[in-house]
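Worth saying up front: this structure is predicted, and the values here are computed from it rather than measured. First the proteins, then the strands, lettered A, B, ... as listed; each starts at 1.
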Amino acid sequence: MPELPEVETARSLIAGRALHRQIVDVDDSDRYVTRPHAGGELGSALTGRSLTAAHRRGKTIWVETSPAGGPAAGGPAAGGPELGIHLGMSGRIVVTDPDGAIAEAGDPQRYGAKLPKPAWNRFTLRFADGGSLVLLDPRRLGRVRLHPDIAALGPDAAQVTPAEFRALITKGRTAVKARLLDQSKIAGVGNLLADEIAWQARVSPQAPVNSLSPAQVNRLYRALKSAVESAIAKGGAHTGEIYAARRRGGTCPRDGAPMVHGTVGGRSTWWCSREQAIRAARRPRGQRTPAG
DNA sequence: AACAATGTTCAGTC
DNA sequence: GGACTGAACATTGT
(Lines give C-alpha, C1' and ligand atoms only; values in the text may rest on other atoms or scores of the structure.)
Protein backbone atom coordinates (compact mmCIF):
# COMPACT_ATOMS: atom_id res chain seq x y z
CA MET A 1 0.00 0.00 0.00
CA PRO A 2 2.21 2.75 1.14
CA GLU A 3 3.75 4.99 -1.45
CA LEU A 4 3.33 8.74 -1.39
CA PRO A 5 -0.42 8.68 -2.11
CA GLU A 6 -1.26 6.23 0.68
CA VAL A 7 1.02 8.07 3.09
CA GLU A 8 -0.65 11.37 2.24
CA THR A 9 -4.02 9.81 2.99
CA ALA A 10 -2.68 8.60 6.34
CA ARG A 11 -1.27 12.05 7.14
CA SER A 12 -4.56 13.63 6.24
CA LEU A 13 -6.40 11.20 8.49
CA ILE A 14 -4.17 12.04 11.43
CA ALA A 15 -4.49 15.77 10.77
CA GLY A 16 -8.26 15.51 10.52
CA ARG A 17 -9.07 13.20 13.38
CA ALA A 18 -6.21 12.63 15.80
CA LEU A 19 -5.10 16.13 16.78
CA HIS A 20 -5.69 17.82 20.14
CA ARG A 21 -6.64 14.64 21.95
CA GLN A 22 -4.64 13.99 25.08
CA ILE A 23 -2.49 10.85 25.03
CA VAL A 24 -2.97 8.81 28.18
CA ASP A 25 -1.27 5.56 27.20
CA VAL A 26 1.25 4.36 24.61
CA ASP A 27 1.86 0.80 23.46
CA ASP A 28 5.41 0.89 22.13
CA SER A 29 6.21 -2.70 23.03
CA ASP A 30 7.10 -3.79 19.47
CA ARG A 31 10.86 -3.63 19.57
CA TYR A 32 11.31 -3.97 15.83
CA VAL A 33 8.82 -1.34 14.66
CA THR A 34 10.22 1.12 17.21
CA ARG A 35 13.87 0.24 16.51
CA PRO A 36 16.40 1.21 17.80
CA HIS A 37 14.13 1.79 20.77
CA ALA A 38 15.36 0.14 23.95
CA GLY A 39 12.01 0.32 25.70
CA GLY A 40 9.65 2.93 27.08
CA GLU A 41 11.19 6.02 25.47
CA LEU A 42 8.28 6.66 23.14
CA GLY A 43 5.76 6.15 25.92
CA SER A 44 7.48 8.48 28.32
CA ALA A 45 8.06 11.07 25.62
CA LEU A 46 4.43 11.15 24.46
CA THR A 47 2.21 10.38 27.44
CA GLY A 48 0.41 13.48 28.65
CA ARG A 49 0.90 15.35 25.38
CA SER A 50 -1.36 15.66 22.38
CA LEU A 51 -0.68 15.71 18.64
CA THR A 52 -0.82 19.21 17.21
CA ALA A 53 0.03 18.97 13.48
CA ALA A 54 0.77 16.23 10.93
CA HIS A 55 3.31 16.69 8.13
CA ARG A 56 4.67 14.54 5.34
CA ARG A 57 7.69 14.44 3.07
CA GLY A 58 7.81 11.54 0.65
CA LYS A 59 6.78 8.46 2.59
CA THR A 60 7.69 9.82 6.02
CA ILE A 61 5.10 11.35 8.34
CA TRP A 62 6.08 13.47 11.30
CA VAL A 63 3.67 14.74 13.89
CA GLU A 64 4.21 17.70 16.19
CA THR A 65 3.23 17.35 19.82
CA SER A 66 2.18 19.74 22.53
CA PRO A 67 4.26 20.51 25.60
CA ALA A 68 3.72 17.99 28.38
CA GLY A 69 0.55 18.60 30.30
CA GLY A 70 -1.62 20.12 27.58
CA PRO A 71 -2.05 22.85 25.00
CA ALA A 72 0.84 25.08 24.10
CA ALA A 73 1.57 27.46 26.92
CA GLY A 74 4.64 29.06 25.41
CA GLY A 75 5.38 30.29 21.92
CA PRO A 76 5.21 28.24 18.73
CA ALA A 77 8.62 26.74 19.46
CA ALA A 78 7.59 25.34 22.82
CA GLY A 79 6.27 22.02 21.55
CA GLY A 80 7.10 18.47 22.51
CA PRO A 81 9.07 15.89 20.51
CA GLU A 82 8.27 15.05 16.88
CA LEU A 83 6.70 11.66 16.34
CA GLY A 84 7.93 10.03 13.13
CA ILE A 85 5.81 7.39 11.39
CA HIS A 86 6.78 5.31 8.37
CA LEU A 87 4.34 2.76 6.96
CA GLY A 88 6.96 0.43 5.49
CA MET A 89 5.61 -2.17 3.04
CA SER A 90 2.25 -2.88 4.62
CA GLY A 91 1.45 -0.26 7.26
CA ARG A 92 -1.88 1.50 7.70
CA ILE A 93 -3.14 4.09 10.15
CA VAL A 94 -6.42 3.61 11.98
CA VAL A 95 -7.99 6.28 14.19
CA THR A 96 -10.92 5.50 16.44
CA ASP A 97 -13.25 8.03 18.00
CA PRO A 98 -14.73 8.03 21.51
CA ASP A 99 -17.99 6.60 20.15
CA GLY A 100 -16.09 3.71 18.60
CA ALA A 101 -16.25 5.00 15.03
CA ILE A 102 -13.27 3.83 13.03
CA ALA A 103 -11.52 5.81 10.35
CA GLU A 104 -8.91 4.16 8.22
CA ALA A 105 -6.36 5.56 5.86
CA GLY A 106 -5.75 4.34 2.37
CA ASP A 107 -7.33 1.83 0.11
CA PRO A 108 -6.41 -1.53 1.60
CA GLN A 109 -5.31 -3.75 -1.25
CA ARG A 110 -3.30 -6.77 -0.30
CA TYR A 111 -3.36 -7.16 3.45
CA GLY A 112 -6.38 -4.92 3.76
CA ALA A 113 -8.61 -7.21 1.77
CA LYS A 114 -9.13 -9.25 4.89
CA LEU A 115 -10.20 -8.05 8.30
CA PRO A 116 -7.06 -6.86 10.05
CA LYS A 117 -5.95 -9.05 12.91
CA PRO A 118 -5.48 -7.44 16.33
CA ALA A 119 -2.01 -8.97 16.33
CA TRP A 120 -1.10 -6.56 13.54
CA ASN A 121 -1.39 -3.58 15.88
CA ARG A 122 2.24 -2.54 16.14
CA PHE A 123 1.97 0.83 17.88
CA THR A 124 -0.93 2.48 19.70
CA LEU A 125 -1.67 5.89 21.15
CA ARG A 126 -4.69 5.77 23.46
CA PHE A 127 -6.47 9.07 24.00
CA ALA A 128 -8.19 10.37 27.14
CA ASP A 129 -11.51 10.41 25.26
CA GLY A 130 -11.36 6.63 24.81
CA GLY A 131 -10.30 6.67 21.15
CA SER A 132 -6.94 5.71 19.71
CA LEU A 133 -4.46 5.96 16.89
CA VAL A 134 -3.02 2.64 15.72
CA LEU A 135 -0.28 1.67 13.31
CA LEU A 136 -1.42 -1.60 11.74
CA ASP A 137 1.37 -3.42 9.95
CA PRO A 138 1.31 -7.12 9.04
CA ARG A 139 4.90 -7.21 7.83
CA ARG A 140 6.35 -5.05 10.60
CA LEU A 141 8.66 -3.18 8.25
CA GLY A 142 7.06 0.09 9.27
CA ARG A 143 8.74 2.30 11.79
CA VAL A 144 7.88 4.67 14.62
CA ARG A 145 10.56 6.89 16.08
CA LEU A 146 11.16 10.28 17.61
CA HIS A 147 12.65 13.08 15.49
CA PRO A 148 12.90 11.37 12.08
CA ASP A 149 15.66 12.67 9.79
CA ILE A 150 13.61 14.57 7.24
CA ALA A 151 16.66 16.38 5.89
CA ALA A 152 17.99 13.10 4.48
CA LEU A 153 15.09 13.06 2.02
CA GLY A 154 15.00 14.85 -1.31
CA PRO A 155 12.16 17.21 -2.19
CA ASP A 156 8.69 15.70 -2.05
CA ALA A 157 7.59 14.23 -5.37
CA ALA A 158 4.38 16.30 -5.26
CA GLN A 159 6.35 19.53 -4.72
CA VAL A 160 9.51 19.15 -6.78
CA THR A 161 10.01 21.77 -9.48
CA PRO A 162 11.10 21.02 -13.06
CA ALA A 163 14.53 22.54 -12.46
CA GLU A 164 15.07 20.54 -9.28
CA PHE A 165 13.87 17.41 -11.02
CA ARG A 166 16.29 17.79 -13.89
CA ALA A 167 19.25 18.42 -11.59
CA LEU A 168 18.43 15.51 -9.28
CA ILE A 169 17.53 12.97 -11.93
CA THR A 170 20.15 13.30 -14.62
CA LYS A 171 23.41 13.02 -12.69
CA GLY A 172 25.22 9.68 -12.67
CA ARG A 173 24.52 6.63 -14.77
CA THR A 174 22.14 4.50 -12.74
CA ALA A 175 18.93 3.23 -14.29
CA VAL A 176 15.96 5.61 -14.47
CA LYS A 177 13.88 3.43 -12.22
CA ALA A 178 16.60 3.12 -9.58
CA ARG A 179 16.90 6.89 -9.52
CA LEU A 180 13.14 7.44 -9.25
CA LEU A 181 13.18 5.13 -6.22
CA ASP A 182 16.06 6.97 -4.54
CA GLN A 183 14.39 8.78 -1.67
CA SER A 184 17.41 10.99 -1.06
CA LYS A 185 16.94 12.47 -4.54
CA ILE A 186 13.13 12.72 -4.78
CA ALA A 187 10.98 11.49 -1.93
CA GLY A 188 7.77 9.54 -2.31
CA VAL A 189 8.02 7.39 -5.44
CA GLY A 190 7.68 3.66 -4.78
CA ASN A 191 7.79 0.58 -6.96
CA LEU A 192 4.34 0.90 -8.52
CA LEU A 193 4.57 4.64 -9.12
CA ALA A 194 8.02 4.27 -10.67
CA ASP A 195 6.70 1.80 -13.25
CA GLU A 196 3.69 4.01 -13.90
CA ILE A 197 5.86 7.08 -14.41
CA ALA A 198 8.29 5.39 -16.80
CA TRP A 199 5.37 3.95 -18.74
CA GLN A 200 3.51 7.27 -19.00
CA ALA A 201 6.74 8.93 -20.15
CA ARG A 202 7.50 6.13 -22.64
CA VAL A 203 10.98 5.79 -21.17
CA SER A 204 12.75 2.51 -20.51
CA PRO A 205 13.14 1.90 -16.78
CA GLN A 206 16.59 0.50 -17.60
CA ALA A 207 17.85 3.58 -19.42
CA PRO A 208 20.90 5.13 -17.76
CA VAL A 209 19.91 8.55 -16.43
CA ASN A 210 22.76 10.27 -18.23
CA SER A 211 21.42 8.98 -21.55
CA LEU A 212 18.09 10.78 -21.25
CA SER A 213 17.28 13.46 -23.80
CA PRO A 214 15.83 16.75 -22.55
CA ALA A 215 12.50 15.67 -24.04
CA GLN A 216 12.60 12.44 -22.06
CA VAL A 217 13.39 14.29 -18.85
CA ASN A 218 10.45 16.60 -19.49
CA ARG A 219 8.15 13.66 -20.11
CA LEU A 220 9.32 11.99 -16.90
CA TYR A 221 8.62 15.14 -14.93
CA ARG A 222 5.14 15.53 -16.33
CA ALA A 223 4.47 11.83 -15.77
CA LEU A 224 5.67 12.10 -12.18
CA LYS A 225 3.28 14.92 -11.45
CA SER A 226 0.30 13.39 -13.19
CA ALA A 227 0.85 9.93 -11.70
CA VAL A 228 1.20 11.30 -8.17
CA GLU A 229 -1.78 13.64 -8.43
CA SER A 230 -3.98 10.97 -9.93
CA ALA A 231 -2.97 8.37 -7.35
CA ILE A 232 -3.68 10.74 -4.47
CA ALA A 233 -7.09 11.57 -5.92
CA LYS A 234 -7.96 7.93 -6.54
CA GLY A 235 -6.64 6.65 -3.24
CA GLY A 236 -3.47 4.74 -3.95
CA ALA A 237 -0.58 3.81 -6.21
CA HIS A 238 -2.45 0.69 -7.31
CA THR A 239 -4.94 2.87 -9.21
CA GLY A 240 -2.35 3.60 -11.91
CA GLU A 241 -3.06 2.79 -15.54
CA ILE A 242 -0.61 -0.09 -15.79
CA TYR A 243 -1.30 -1.70 -12.44
CA ALA A 244 -3.55 -4.32 -14.01
CA ALA A 245 -0.93 -5.05 -16.68
CA ARG A 246 1.80 -5.85 -14.15
CA ARG A 247 1.31 -9.60 -14.45
CA ARG A 248 2.24 -12.48 -16.69
CA GLY A 249 0.48 -12.09 -20.00
CA GLY A 250 -0.25 -8.42 -19.35
CA THR A 251 -0.47 -6.07 -22.31
CA CYS A 252 0.21 -2.36 -22.66
CA PRO A 253 -3.04 -0.38 -22.25
CA ARG A 254 -1.90 2.01 -25.01
CA ASP A 255 -0.71 -0.22 -27.82
CA GLY A 256 -1.52 -3.75 -26.73
CA ALA A 257 2.09 -4.91 -26.93
CA PRO A 258 3.20 -7.49 -24.37
CA MET A 259 4.49 -6.18 -21.06
CA VAL A 260 8.01 -7.27 -20.15
CA HIS A 261 9.08 -8.22 -16.67
CA GLY A 262 12.50 -7.89 -15.11
CA THR A 263 14.41 -6.67 -12.10
CA VAL A 264 15.53 -3.04 -12.22
CA GLY A 265 16.98 -1.19 -9.28
CA GLY A 266 16.52 -4.34 -7.27
CA ARG A 267 12.75 -4.30 -7.69
CA SER A 268 10.23 -6.20 -9.77
CA THR A 269 9.59 -4.09 -12.88
CA TRP A 270 7.10 -4.17 -15.76
CA TRP A 271 7.28 -2.16 -18.96
CA CYS A 272 5.90 -2.06 -22.50
CA SER A 273 8.01 -4.12 -24.87
CA ARG A 274 7.38 -1.72 -27.73
CA GLU A 275 7.13 1.81 -26.37
CA GLN A 276 9.73 1.44 -23.65
CA ALA A 277 12.33 -0.56 -25.49
CA ILE A 278 15.88 0.32 -24.51
CA ARG A 279 17.73 2.08 -27.28
CA ALA A 280 20.76 4.21 -27.86
CA ALA A 281 20.74 7.67 -26.36
CA ARG A 282 19.07 10.25 -28.56
CA ARG A 283 20.93 13.38 -29.32
CA PRO A 284 19.64 16.72 -30.49
CA ARG A 285 19.38 17.03 -34.26
CA GLY A 286 22.63 17.96 -35.90
CA GLN A 287 24.79 17.28 -32.88
CA ARG A 288 27.61 14.84 -33.37
CA THR A 289 28.51 12.15 -30.92
CA PRO A 290 31.80 12.84 -29.19
CA ALA A 291 34.74 11.66 -31.20
CA GLY A 292 36.44 8.69 -29.71
C1' DA B 1 7.00 -25.48 -0.46
C1' DA B 2 9.05 -21.90 -2.74
C1' DC B 3 8.68 -17.43 -4.10
C1' DA B 4 7.10 -12.70 -4.36
C1' DA B 5 5.35 -8.64 -1.98
C1' DT B 6 3.29 -0.66 -2.64
C1' DG B 7 10.36 -0.19 1.69
C1' DT B 8 14.59 0.87 3.97
C1' DT B 9 19.21 0.00 5.36
C1' DC B 10 23.59 -1.98 5.69
C1' DA B 11 27.81 -4.26 4.06
C1' DG B 12 30.49 -4.57 0.27
C1' DT B 13 32.59 -3.19 -4.34
C1' DC B 14 34.14 -0.11 -7.70
C1' DG C 1 34.35 9.73 -0.53
C1' DG C 2 30.58 9.08 -3.75
C1' DA C 3 27.87 6.00 -6.61
C1' DC C 4 26.04 1.88 -7.02
C1' DT C 5 24.47 -3.25 -6.03
C1' DG C 6 22.59 -7.01 -3.61
C1' DA C 7 21.27 -9.09 0.56
C1' DA C 8 18.88 -8.72 4.83
C1' DC C 9 15.09 -7.49 7.54
C1' DA C 10 9.65 -9.76 9.26
C1' DT C 11 5.57 -11.60 7.79
C1' DT C 12 1.85 -12.88 4.79
C1' DG C 13 -0.38 -14.52 0.60
C1' DT C 14 -0.32 -17.26 -3.61
Side-chain angles (χ1 to χ4, degrees), chain A residues 1-10 30-37 56-61 84-93 105-123 135-145 148-150 152-154 157 168-199 205-210 227-228 230-232 234-248 250 261-270:
Chain A
M1 305 173 16
E3 300 186 32
L4 187 156
E6 291 85 354
V7 178
E8 172 55 23
T9 307
D30 190 312
R31 289 285 187 281
Y32 190 75
V33 166
T34 58
R35 63 198 181 281
H37 172 53
R56 180 191 60 76
R57 181 137 147 204
K59 304 170 196 168
T60 298
I61 291 172
I85 300 174
H86 197 292
L87 301 181
M89 286 282 263
S90 60
R92 295 144 63 186
I93 295 294
D107 183 334
Q109 185 70 5
R110 185 183 181 80
Y111 297 94
K114 296 184 173 177
L115 230 43
K117 301 175 187 173
W120 292 346
N121 290 4
R122 307 301 187 187
F123 179 81
L135 169 65
L136 210 70
D137 185 10
R139 284 181 63 181
R140 288 176 76 209
L141 291 171
R143 198 160 184 177
V144 177
R145 69 214 298 187
D149 185 7
I150 301 303
L153 299 169
L168 290 162
I169 283 294
T170 56
K171 272 180 280 185
R173 54 185 49 197
T174 197
V176 165
K177 174 155 181 183
R179 179 57 51 84
L180 287 171
L181 292 173
D182 184 343
Q183 306 297 300
S184 73
K185 299 297 190 297
I186 291 169
V189 177
N191 199 38
L192 298 181
L193 276 177
D195 279 6
E196 179 74 20
I197 291 164
W199 177 80
Q206 300 175 300
V209 292
N210 61 348
V228 166
S230 165
I232 290 175
K234 294 180 179 174
H238 63 283
T239 64
E241 289 184 58
I242 63 153
Y243 182 73
R246 298 177 91 263
R247 56 177 175 75
R248 270 178 40 201
H261 181 247
T263 298
V264 185
R267 305 298 301 278
S268 178
T269 303
W270 294 85

Examine C/dT5: is either OP1 or OP2 under 4.0 Å from a nitrogen or oxygen in the side chain of A/T174? Give yes or no.
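Yes, because at least one side-chain N or O of A/T174 sits under 4.0 Å from OP1 or OP2 of C/dT5.
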If only side-chain N and O atoms of A/S268 are considered, is one of them under 4.0 Å from the OP1 or OP2 phosphate oxygen of B/dA5?
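Yes, A/S268 has a side-chain N/O under 4.0 Å of OP1/OP2 on B/dA5.
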Go through [options] for me and flag the one nearest to the [X] side chain.
{"X": "A/M89", "options": "C/dT5, B/dT6, C/dT12", "result": "B/dT6"}
{"X": "A/E6", "options": "B/dA5, B/dT6, C/dG13", "result": "B/dT6"}
{"X": "A/R179", "options": "C/dT12, B/dG7, C/dC4", "result": "C/dC4"}

May I ask you to decide if [Y]'s main-chain N or O and [X]'s side chain share a donor-acceptor pair within less than 3.5 Å?
{"X": "A/R122", "Y": "A/G142", "result": "no"}
{"X": "A/R179", "Y": "A/I169", "result": "yes"}
{"X": "A/E3", "Y": "A/K59", "result": "no"}
{"X": "A/R143", "Y": "A/R140", "result": "no"}

Taking any heavy-atom pair under 4.0 Å as a contact, classify A/G190: base, sugar-phosphate, or nothing.
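A/G190: backbone/sugar contact only, no base atoms under 4.0 Å.
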Quickly work out the [X] [atom1] to [N] [atom2] distance and round it to whole Å.
{"X": "A/R92", "N": "B/dA5", "atom1": "CZ", "atom2": "P", "value": "20 Å"}
{"X": "A/R139", "N": "C/dT11", "atom1": "CZ", "atom2": "C1'", "value": "7 Å"}
{"X": "A/K171", "N": "C/dA3", "atom1": "NZ", "atom2": "P", "value": "8 Å"}
{"X": "A/Y243", "N": "B/dA5", "atom1": "OH", "atom2": "C1'", "value": "10 Å"}
{"X": "A/D195", "N": "B/dA4", "atom1": "CG", "atom2": "P", "value": "16 Å"}
{"X": "A/R248", "N": "B/dA4", "atom1": "CZ", "atom2": "C1'", "value": "13 Å"}
{"X": "A/D182", "N": "C/dG6", "atom1": "CG", "atom2": "P", "value": "15 Å"}
{"X": "A/L136", "N": "B/dT6", "atom1": "CG", "atom2": "P", "value": "19 Å"}

Sequence-distant partners of A/E8, side-chain hydrogen bond (donor to acceptor under 3.5 Å, both in side chains), two or more places apart:
A/R11, A/R56
Sorted by chain and number, sequence neighbours left out, side-chain hydrogen bond (donor to acceptor under 3.5 Å, both in side chains) with A/D195 holds for A/K177, A/R246
Student check: side-chain heavy atoms of A/P116 and A/R92 closer than 4.5 Å
yes
Looking at side-chain heavy atoms only, is the closest gap between A/P205 and A/L180 below 4.5 Å?
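Side chain of A/P205 against side chain of A/L180, heavy atoms only: no contact under 4.5 Å found.
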Contacts of A/L168 that satisfy side-chain contact (heavy atoms from CB on, under 4.5 Å) - sequence neighbours left out
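side-chain contact (heavy atoms from CB on, under 4.5 Å) check on A/L168 returns A/P155, A/E164, A/K185, A/I186.
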Please identify each residue that fulfils side-chain contact (heavy atoms from CB on, under 4.5 Å) with A/Q206, with sequence neighbours left out.
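Testing A/Q206 for side-chain contact (heavy atoms from CB on, under 4.5 Å), a comparison that skips the adjacent residues, returns A/S204, A/V264, A/W271, A/I278.
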In whole Å, what separates the P atom of C/dT12 from that of B/dT9?
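Going atom to atom, P in each nucleotide, I get 23 Å.
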Taking atom P in both B/dC3 and C/dA7, compute the distance separating them and give it to the nearest angstrom.
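Per the computed distance, 14 Å lies between those P atoms.
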Protein proximity profile, nucleotides 8-14 of chain B - base contact B, sugar-phosphate-only contact S, no contact -, cut-off 4.0 Å on heavy atoms
SS-----
In what stems does DNA chain C take part, counting only runs of at least 3 consecutive Watson-Crick or G-U pairs whose two distances fall under 3.5 Å?
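Stems found: B:2-5 with C:11-14, B:7-14 with C:2-9.
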